[in-house]
S.K.: 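One structure coming up, written as structure tokens, with questions to follow.
Quick caveat, the model's predicted, so the values are computed rather than measured. Letters go in sequence order (proteins before strands), and every chain restarts at 1.
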Amino acid sequence: MIFFTTPVSRFDMRWSQSFIPTMKEVPAEAEVPSHQLMLRAGLIRQLMAGAYTYLPLGYRIVRKVSEIVRQEMDRAGAIELFMPALQPIDIFERTGRREAFGNVLFNFEVKRGDRRLHLALGPTHEEVITDLMAKHISSYRQLPITLYQIQTKFRNEERPRFGVLRTSEFLMKDAYSFGTSIEQLNAAYDSMYQAYCRIFERCGLKYLPVEAESGPIGGDASHEFMVPADNGEDFVVHCPGCGYAANQERADTGRQSAVLQPVAGSSAPVRVATPNAGSIEQVSRLLKTDATSFIKTLIYVADGKPVAVLLRGDHTANEGKIRRAAKATVVELADEATILKVTGAPVGFAGPIGIKCDCLIDHDVAKISSAITGANEKDAHLTGVIPGTHFAVQGTFDLRNAESKDPCPKCSGTLEIVHGIEVGHVFKLGTKYSVSMDARFVDAQEQSHPIIMGCYGIGVTRVVASIVETCHDENGIIWPLAVAPYSVEVIPLNVTDAEVMKISNQIYNDLSAVGIDVLMDDRDQRPGFKFKDADLIGIPLRITIGGKGLAEGIAEIKWRTEPDARKVPLADAVGYVKDLIAEKMMG
RNA sequence: CGGGGUGUAGCUCAGCUUGGCUAGAGCGCUACGUUCGGGACGUAGAGGCCGCAGGUUCAAAUCCUGUCACCCCGACCA
């Protein structure tokens, strides 16, 4: 048997025998396209906020995507297993993640005999798998190994939303690599990265691998796979020129450091009274100026030492960049007492002139020719402040979040910001969990070391929603062939016409026999009704059998994406469709 | 967790401001008939604790209080 598309166990289905409750009208609770269409096309139904039933058609798509994920994981050398969703709370205490997860971790007590068990529902499985490996890996000879599962994850989202895009219960593929060295970790990571690219490509998704905040390991230790979409919750900084992409926390800008010399003969800053106006918004209204001519002075504490961070008034601080510029391990916003101490004023009136701490200056601050700053005095600001003249600028840093129109750090291009849906994440974990779970191996010299780990996730159900979000038109979903619940939909226009049904059944059976997923809309409905439903559920190929075509001896075959059908002699129809599908799957 | 919105038939919604007959429409559903190539039409039906609880009143879908659920914005998201 030849599988032209991702196989699931059953190829054929008659609509009248299935359960595909489509809706003409848009349910009031659905806002984003994927949510609306998945409800209307009869793929999902909501049980409660953040929990959905996958109806037969929807579940077929989940299975198709899962199968692609499984094939590519296997191809990349990962081994499938299946772990419990139910987990003892203790393992989260061992890794300190009970607190880290906080309320996101579903956890509860149950009675068992006269004991009380404290359980959690797995939000992910680092603890479980590391515990497993700790018990069974003892030698470097057993490594490297990568294991994965496809399993339901539970996270008590504070606010589930956007239908299936953000739920409390969702299907996820999670893989974990175990190795003896950074080299083995890098090899596993690269192999997963490549597998992810193949998976998203096969799913028909446009995606961007994005550099993500990588924590203590640094470097290229983490990538998120983002699907650009208007309703995405994440911001991706992207350079169309060279392909550079990073999430907003991580993205660098290509701006240059500046050293400014004092301007001779310039007049001194002017003090203006700004009673009760401590925010940039208030002062800019008072002085009738734009936030871009302000210097925002934020007081941080870096490893216990106060430091002023200077940004242009309309920009937002990036604490990761500030931490690196300050060469500190911990930075946090200063409290009111510290601010009073270094500025001599309450919150809202800090400025670089006369401040009693070091200043870190963002690149863009040096470009302001005449700025407004706090006066380090209650209810007062300074205007006409010239950077480099009224306060020293001995070099500037990248301290803020990247913005649209910033220069690209990798080429001469310009950055843009796009919304994205995070569908996958690869992460070099290092030894965080192996140390806390005591998962160790001995090397050839009988030295014991913690195992070096990586973790790799794909939100399977989120992939499904992302496909709908990006593959639809005003009439409904347009499934890419590889993930379509059925490849072909046969529509007999008149089910009471014996000849129409005979031909339709024959084509349906023949397609099924060669391993093509085929759905036949055998409902006794008018043609227009069936066409509308066909467009809604988005089966890639449509074969229409009706009186008109039969008179000419032809079937009408049409891609969901094309406006007009091709007329194919009845005898050739099955072969023609087979070729179309084979060609599409190759291309 | 802060802010906003909505709960009336399977779905979309009207009615609520200004309390009053038997609570409505369209779609969907059932039966029959006419239709039949892009969500047909007619006739006759079925279907409602007006989210739930309390209160005000002669009288509550409608006013008041509480509560629950859902949606949106924000905060949060290893």
S.K.: How far does the P atom of B/G28 sit from the matching atom of B/C64, given to the nearest Å?
M.R.: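 Each nucleotide's P atom is 38 Å from the other's.
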
S.K.: Quick one: A/Met48 CE to B/G51 C1', roughly how many Å, whole number?
M.R.: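 So the two atoms are 18 Å apart, to the nearest Å.
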
S.K.: Is there a side-chain contact between A/Asn186 and A/Ile182 (heavy atoms, below 4.5 Å)?
M.R.: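 A side-chain contact under 4.5 Å exists here.
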
S.K.: What pair of heavy atoms forms the shortest contact from A/Thr316 to A/Leu311, and how long is it?
M.R.: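 Between these two residues, the closest heavy atoms are C-CD1, 3.9 Å.
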
S.K.: Expressed as a whole number of angstroms, how long is the span from A/Phe162:CZ to B/C70:P?
M.R.: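 These atoms are roughly 17 Å apart.
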
S.K.: Could you give the distance from CG (A/Asp230) to CD (A/Glu469), rounded to the nearest 0.5 Å?
M.R.: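 That separation rounds to 8.0 Å.
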
S.K.: Measuring only the C1' atom in each nucleotide, how far is B/U17 from B/U12? A whole number of Å is fine.
M.R.: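 After rounding to an integer number of Å, I get 23 Å for this pair.
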
S.K.: Taking pairing as Watson-Crick or G-U wobble with both contacts under 3.5 Å, can you name the mate of B/C50, or confirm there isn't one?
M.R.: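 Pairing partner: none.
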
S.K.: Rounded to the nearest Å, what distance is computed from the CZ atom of residue A/Arg155 to the P atom of nucleotide B/C76?
M.R.: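 Distance, rounded to whole Å: 17 Å.
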
S.K.: B/A40 pairs with which nucleotide, Watson-Crick or G-U wobble, both distances below 3.5 Å?
M.R.: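 Across any shown strand, B/A40 pairs with B/U34.
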
S.K.: By nearest heavy atom, map A/Arg159 and A/Lys432 onto RNA chain B; which one lands nearer the 5' end?
M.R.: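 Comparing both residues, the 5'-ward one is A/Arg159.
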
S.K.: Taking the side chain of A/Glu25 as its heavy atoms from C-beta onward, which of B/C76, B/C70, B/G26 lies nearest to it?
M.R.: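 Minimum distance to the A/Glu25 side chain belongs to B/G26.
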
S.K.: Expected output is a numbered-order residue list: members of residues 78-87 of chain A with a heavy atom under 4.0 Å from any atom of RNA chain B. What is it?
M.R.: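 When residues 78-87 of chain A is checked for heavy atoms under 4.0 Å from RNA chain B, there are no hits whatsoever.
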
S.K.: Taking atom CD1 of A/Ile89 and atom CD1 of A/Ile91, what is their separation to the nearest 0.5 Å?
M.R.: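 Rounded to the nearest 0.5 Å, the CD1-CD1 separation comes out at 8.5 Å.
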
S.K.: For a quick check of understanding: with a heavy-atom distance under 4.0 Å over all strands, which category does A/Glu233 fall into, base, sugar-phosphate or nothing?
M.R.: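 Since no nucleic acid heavy atom lies under 4.0 Å of A/Glu233, the category is nothing.
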
S.K.: At under 4.0 Å, does any side-chain N or O of A/Arg45 touch on OP1 or OP2 of B/G10?
M.R.: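 No, no such contact exists.
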
S.K.: If B/G28 has a Watson-Crick or G-U wobble mate with both distances under 3.5 Å, name it; if not, just say none.
M.R.: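 For B/G28, the partner nucleotide comes out as none, under the 3.5 Å rule.
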
S.K.: Which nucleotide wins on minimum distance to the side chain of A/Phe101, given the candidates B/C73, B/A78, B/C71?
M.R.: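 Within the option list, the nearest is B/A78.
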
S.K.: Check every strand shown and say whether A/Phe92 touches a base, only sugar-phosphate, or nothing at a heavy-atom separation below 4.0 Å.
M.R.: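 Since no nucleic acid heavy atom lies under 4.0 Å of A/Phe92, the category is nothing.
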
S.K.: In whole Å, measure the gap between the C1' atoms of B/U30 and B/A46 for me.
M.R.: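 Comparing C1' positions in B/U30 and B/A46 gives a spacing of 7 Å.
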
S.K.: Which base, if any, makes a Watson-Crick or G-U wobble pair with B/C1, both distances under 3.5 Å?
M.R.: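 Base-paired to B/G74.
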
S.K.: Classify the nucleic acid contact of A/Ala28 as base, sugar-phosphate or nothing, counting any heavy atom under 4.0 Å across all strands shown.
M.R.: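 Touches sugar-phosphate only.
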
S.K.: Assess whether salt bridge (Lys or Arg N to Asp or Glu O under 4.0 Å) is satisfied between A/Lys432 and A/Glu126, documenting all intermediate values.
M.R.: CA-CA 10 Å; A/Lys432 177 171 157 58; A/Glu126 277 84 1; over 6 Å; no

S.K.: Rounded to whole angstrom units, what separation is found between the CZ atom of A/Arg161 and the P atom of B/C73?
M.R.: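 Interatomic distance, CZ of A/Arg161 to P of B/C73: 6 Å.
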
S.K.: Do A/Arg161 and A/Glu157 meet the salt-bridge criterion of a basic N to acidic O distance under 4.0 Å?
M.R.: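 Looking at A/Glu157 and A/Arg161, the cut-off is not met.
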
S.K.: Please work out if A/Glu158 contacts a base, only the sugar-phosphate, or nothing of the nucleic acid, heavy-atom cut-off 4.0 Å.
M.R.: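 The residue A/Glu158 makes base contact.
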
S.K.: Considering only atom P, compute the distance from B/A61 to B/G55 and round it to an integer number of Å.
M.R.: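 My reading of the P atoms in B/A61 and B/G55 gives 15 Å.
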
S.K.: Using whole Å, report how far CD of A/Glu29 lies from C1' of B/G4.
M.R.: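 So the CD-C1' distance, A/Glu29 to B/G4, works out to 18 Å.
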
S.K.: I'd like the C1' distance from B/A44 over to B/U8, given in whole Å.
M.R.: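 Going atom to atom, C1' in each nucleotide, I get 25 Å.
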
S.K.: Run the salt-bridge test on A/Lys135 and A/Asp131 with the 4.0 Å N-O cut-off and return the result as yes or no.
M.R.: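 Yes, this pair counts.
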
S.K.: Distance check needed: B/A78 C1' versus A/Phe154 CZ, whole Å only.
M.R.: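 Answer to the nearest Å: 18 Å.
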
S.K.: Could you work out the separation of B/G10 and B/C50 based on their P atoms and round it to a whole Å?
M.R.: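 Roughly 13 Å separates the two P atoms.
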
S.K.: For a quick check, with a 4.0 angstrom heavy-atom cut-off, what is the B/S/- contact string for nucleotides 32-39 of chain B, read 5' to 3'?
M.R.: ---BSBBB

S.K.: May I ask you to check whether A/His425 and A/Tyr456 place their ring centres under 6.0 Å from each other?
M.R.: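 Ring centroids of A/Tyr456 and A/His425 are no less than 6.0 Å from each other.
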
S.K.: Whole-Å distance between B/A78 P and A/Asp174 CG?
M.R.: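 A/Asp174 atom CG is separated from B/A78 atom P by 16 Å.
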
S.K.: Could you walk me through whether A/Asp535 and A/Arg560 satisfy the salt bridge (Lys or Arg N to Asp or Glu O under 4.0 Å) test, starting with their C-alpha distance in whole Å, then the side-chain angles of each, then the deciding distance to 0.1 Å, before giving a yes or no?
M.R.: CA-CA 7 Å; A/Asp535 286 345; A/Arg560 167 67 237 266; 3.7 Å; yes

S.K.: So, using ring-ring contact (aromatic ring centres under 6.0 Å, His included) as the criterion, who are the partners of A/Phe225 when residues are at least two apart?
M.R.: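 In terms of ring-ring contact (aromatic ring centres under 6.0 Å, His included), with neighbours along the sequence ignored, A/Phe225 is linked to A/Tyr193, A/Tyr196, A/Phe200.
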
S.K.: To the nearest Å, give me how far apart CG (A/Asn231) and P (B/C72) are.
M.R.: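 One finds 10 Å between P of B/C72 and CG of A/Asn231, rounded.
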
S.K.: When both hydrogen-bonding distances must be under 3.5 Å and the geometry is Watson-Crick or G-U wobble, what is B/C21 paired with, if anything?
M.R.: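 Per the H-bond distance test, none.
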
S.K.: Could you give the distance separating B/G7 and B/G51 at their C1' atoms, to the nearest angstrom?
M.R.: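 Looking at atom C1' only, B/G51 and B/G7 are 6 Å apart.
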
S.K.: For the ring pair A/His35 and A/Tyr52, is the centre-to-centre distance below 6.0 Å?
M.R.: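 So the answer is yes for these two rings.
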
S.K.: If you measure from the P atom in B/G15 to the same atom in B/C76, how many Å do you get, rounded?
M.R.: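 Between the two P atoms, the distance is 39 Å.
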
S.K.: Could you check whether A/Arg60 makes a cation-pi contact with A/Tyr486, meaning its NZ or CZ is under 6.0 Å from the centre of the six-membered ring and within 45° of the ring axis?
M.R.: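 Checked: cation-pi criterion met.
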
